[in-house]
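What you see is a predicted model; the values in this text were computed from it and never measured. Here is the naming used below: chain letters follow the sequence lines, and residue numbers restart at 1 for every chain.
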Protein chains: 2
Amino acid sequence: MMPPKSTTYLLKQLRLLMKNTTYVPKALHAYIIPSGDAHQSEYIASCDQRRAFISGFTGSAGTAIVTDTGAALWTDGRYYLQASQEMDENWTLMKQGLPKTPSEAKWLNKTLDVGSVVGVDPYLLESEWWRDFARELQGGGHSIIPVPENLIDIIWNERPPRPAKSVVPLEVKYTGLSHTEKVKQIREDLVEENASMLIITALDEVAYLYNLRGSDIEYNPVFFSYAALTQNEAFLFINKGQLTSAARESLQEKEVKVIIKPYEDLPKFIDEQVPLQSGKIWVSNHASHAVTQMIPEEKRLSKLSPVAVRKAIKNSTEIKGMEECHIRDASALCRYFSWLEKEAIKGTQTEISGADQLQKYREELEDFVGLSFSTISSVGPNASIIHYSPSPETDRIVTTDDIYLCDSGGQYKDGTTDVTRTLYFGTPSKFMQECYTRVLKGVISMATCIFPTKIKGNCLDTLARKSLWDIGLDYGHGTGHGIGMYLNVHEGPMGVSWRSYPDDPGLQEGMFLSDEPGYYDDGKFGIRIENIVRIEKAETRYNHRDRGFLTFKTVTLVPIQTKLIDPSLMTQKEISWLNDYHAECREKVGKLLLQEGHKDAYDWLVRETEPIG
Amino acid sequence: MMPPKSTTYLLKQLRLLMKNTTYVPKALHAYIIPSGDAHQSEYIASCDQRRAFISGFTGSAGTAIVTDTGAALWTDGRYYLQASQEMDENWTLMKQGLPKTPSEAKWLNKTLDVGSVVGVDPYLLESEWWRDFARELQGGGHSIIPVPENLIDIIWNERPPRPAKSVVPLEVKYTGLSHTEKVKQIREDLVEENASMLIITALDEVAYLYNLRGSDIEYNPVFFSYAALTQNEAFLFINKGQLTSAARESLQEKEVKVIIKPYEDLPKFIDEQVPLQSGKIWVSNHASHAVTQMIPEEKRLSKLSPVAVRKAIKNSTEIKGMEECHIRDASALCRYFSWLEKEAIKGTQTEISGADQLQKYREELEDFVGLSFSTISSVGPNASIIHYSPSPETDRIVTTDDIYLCDSGGQYKDGTTDVTRTLYFGTPSKFMQECYTRVLKGVISMATCIFPTKIKGNCLDTLARKSLWDIGLDYGHGTGHGIGMYLNVHEGPMGVSWRSYPDDPGLQEGMFLSDEPGYYDDGKFGIRIENIVRIEKAETRYNHRDRGFLTFKTVTLVPIQTKLIDPSLMTQKEISWLNDYHAECREKVGKLLLQEGHKDAYDWLVRETEPIG
């Protein structure tokens, strides 16, 4: 285990800067270092990992706050242990989710003398978060101010440069719509809302709109940029050097020629545009406080970006691509599991070496670009850690005596995949079988349900849990997230969880979601079965008030290990669903495996897809 | 049909007042007349029906806005027809829920010249509503101001006086806890939140806290009042004359002697208290803007009242009372349905005469006080109108050729009931049977589900709909509401609906909810089956992470008409549930019917509770 990062000198430097009015508008009594980047991305580039730099804590979620005398870091239950190991004695760990842990604002209100000034980089906080935070601090008699220059960047000597990798066009044969067609759709959305301009701040929205892909952030084929649209013009703000000549050319379609401006020019641009715009200027409610504040409140429409909704509803080309890449992706998984099964008997492979092998199989596939996230390859107790990622310190051997959970995905030019399978290479216990079967019943319950158009995703969450609840079990994560088409593996605005998604526009035909219940027996084993499902029209006998009824088509086609199933817990309908599903896996993936000459994997597939019941 | 109310003269008077600075702080360009009273009650006294007075529209929900030249009324789909019939040509009907209908604020922003002033009685709007409304109006360049004197009251010549009926104590044998014990519990809640004072504005919260009941509002055993608590004192603001001597005496318990002050004194009281209070002053987020504003923002805790949560969780005495009054209530319904079945053959009774008969049977019951809401007694097409209430114009004869839906309830000293049964006295169609059976499957699915402690009620909604969704049907209302113990028939803060209840504290043992799916075939027939259910501990094999699992016990004990059931659509488990339920009805209600000598009703009950399947 690595020793904690020594932060004494860094904190000293930061505290000096907090009082140095060359860098701050006013002397600060506290400085907040959030996890995010200027685009509120889920995954961030290393140059944006400022919170990790100052605190030493490298987990994906957390907020650091430094005051004149203290330093505190908030993170959730996934990371209590890791954070306590990675941080030195300068830091206090604030365990989010425990009833006694105060929120950041409550803590500041308790810690600071009345009338204190709290500073933060306004690009790194969502406008809604800023608003609520500011209100709470005001309640305690303090103020929050934007600090234009990021203080961490000043003290971070070896800060990696901002990535500026090549940005390439994605052909219409993959996207289904040219950027001209997409721009026209969004312009209709603007008219609906009496908005004359839209500012786009989310990286995947820019990539989607202009049919471009990059690799500035690991696993996410996006690039640092902003975009803006009016009824007559379309803008892209980007480090121009990143655009390949093909990309530049692709932006010059006959009807919509995209105007390219430097990434840094957005503030100046908005300043110039505000007086010119007759209608509202639309900016996402998830945009940074900095960008949001550039638009005067009376001219601002702060609301979910229309690009987010259009992007979530896949067109027929995107649907075809998503389905095809899932078949190819399944072939890699079949090869991997059939190989791993033999290795497990010998005990020659580990979580990490297994994940590497799986990546190799994926790399052989047509249109493969990279992984869509870091593979969760986990054995036994490690599988009970929901967001586990194997490291040399925790790596375990894959054996026949332990459960193996593998959650992985690929980026292909025609789609993104995300699939979890749990296998037991030896003889599972009765309890494991019961848990696995109930998780599977949840998968099937969601996959087969019929529901009215535009109900919110959270309405379906209980269907996936009911069978576990029946015996007093549950899982501590949501049931489903949206997924991009060769874009981010987690994509909004809808999702399926016991929590409601405030921006969920309602479930609609053409959306893709994951369907992934699980069960985690802390310190012993973990089970998750994850398929990607597509929303399609349902055939119902009636159609009450013309609401239109929908259901799911399962797109992931990887066998679900029948050895782990107790068929006596399943209904005849559920068994039929599973057998039909396996027949489809055999037909579609089997065909590909044979074509490519993977006879061993084919034989494994045939065995694993034998009908049960 | 009555002609619409003539409002020309009234609007002229109102518009004069809107410019008369004797009555308004500033000349108004628009005046809002909401539906509510100063306590944000669901049911309101006739003196508070100001919106009905000015517009002519008498429905339960709606907002009127009068500008210099226009008058508009917003109401929802239940009332489009009624509102258009009741309002004269001065009024524009704004159909809420249609995509093209602007919200009140959007309409004002479009209608008014920039810089206009909008006035409203600040007691009649919830503080959160006011805040959002003010923000939207500001966006349009307008302002909203409180108008202390209600302008409608000035022009309303024959306005009924505010009710001031007797307020009596409710004995501890019904409430389970003395007011001293309740006050102590709430004081603990105050400590938790660092609040030194609580202001209570909801009428049922005052009634609950001090164990008092009144009858100022029809169907709701409440009285006009406020309350306030500190760690040392307890206050009741009420028209003192309403308190009987027994009530006054009951308020003088040894440990907590309630200080009685005039109803009108609340503003003065808060003014005096603000500088004296060291901690926050807690006021419900549902309190009026007027009361909320009396507390300076930095001293204010605006959050769901702790009384609302305590009141929702019934103690063992309340549970016993609720269960017992449901048995008595069921005996009245058995007498009614057995009587009505014979009358239906003759065609001698109508929706109204039937409802009257049911009330007579209820009036004979021990501890009966009154109805808990206006009985929905509806035949055939009338049953498809969800919030139907029979009137002489719409009254239909109960026959053997039409469905009969009856939704009714009583107030008893030991509890409140609310039950819906749908019956067919002739031979129902196959389609009706299918719909009825699927509604019943929904009732059973919710009643039998097991779930972790403190999940929100909206997580259960889909269970009640799934069987209808399967064939493309649905219903346009929520699935369950809380219910009071000899208090309001609709009680928060939790509920079961596809919409989330923002204040839902999570489902907990001792809460009571309704379980009432339905199906409505517009203009043809309607089906609803409604039981009251109590949350109790579930026996589960496991108890994951000690979350504690819960389930429901059905408290309503009225037969569910088996003639309308198609057993082939039910699982064996569902049939067993129904047969067990009917056995319990027969045992508990049958016993009472025999004791009271109601042999006909008993025979009917025995026949209706024969096991099926």
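When all heavy atoms of A/Arg545 and B/Asp522 are compared, the pair lying nearest together is NH2-OD1, 2.6 Å.
Contact annotation for A/Arg499: neither backbone nor side-chain heavy atoms come within less than 4.5 Å of a heavy atom of chain B. If you measure heavy-atom distances from B/Glu434 to chain A, the contacts under 4.5 Å come from the side chain alone. Of the atoms belonging to B/Leu463, it is side-chain heavy atoms, and not backbone ones, that fall under 4.5 Å from chain A. At a 4.5 Å heavy-atom cutoff, B/Arg300 makes no contact with chain A through either its backbone or its side chain.
Heavy-atom neighbours of A/Glu536 CD from other residues, nucleotides or ligands within 6.0 Å: above the threshold of 12.
Of all the listed residues (B/Thr448, B/Ile471, B/Thr540), the one sharing the greatest number of non-hydrogen pairs under 4.5 Å with chain A is B/Ile471. Among the candidates B/Thr551, B/Thr462, B/Asp474, the residue making the largest number of heavy-atom pairs closer than 4.5 Å to chain A is B/Asp474.
The distance from the CG atom of B/Leu473 to the NE2 atom of A/His544 is 7.0 Å, given to the nearest 0.5 Å.
Residues from residues 449-460 of chain A that place a non-hydrogen atom less than 4.5 Å from a non-hydrogen atom of chain B comprise A/Ile450, A/Phe451, A/Pro452, A/Ile455, A/Asn458, A/Cys459, A/Leu460, given in numerical order. Residues of residues 500-507 of chain A that come closer than 4.5 Å to chain B, counting heavy atoms only, are A/Ser500, ordered by residue number.
Note: B/Tyr542 and A/Phe431 meet the aromatic proximity criterion, with ring centroids under 6.0 Å apart.
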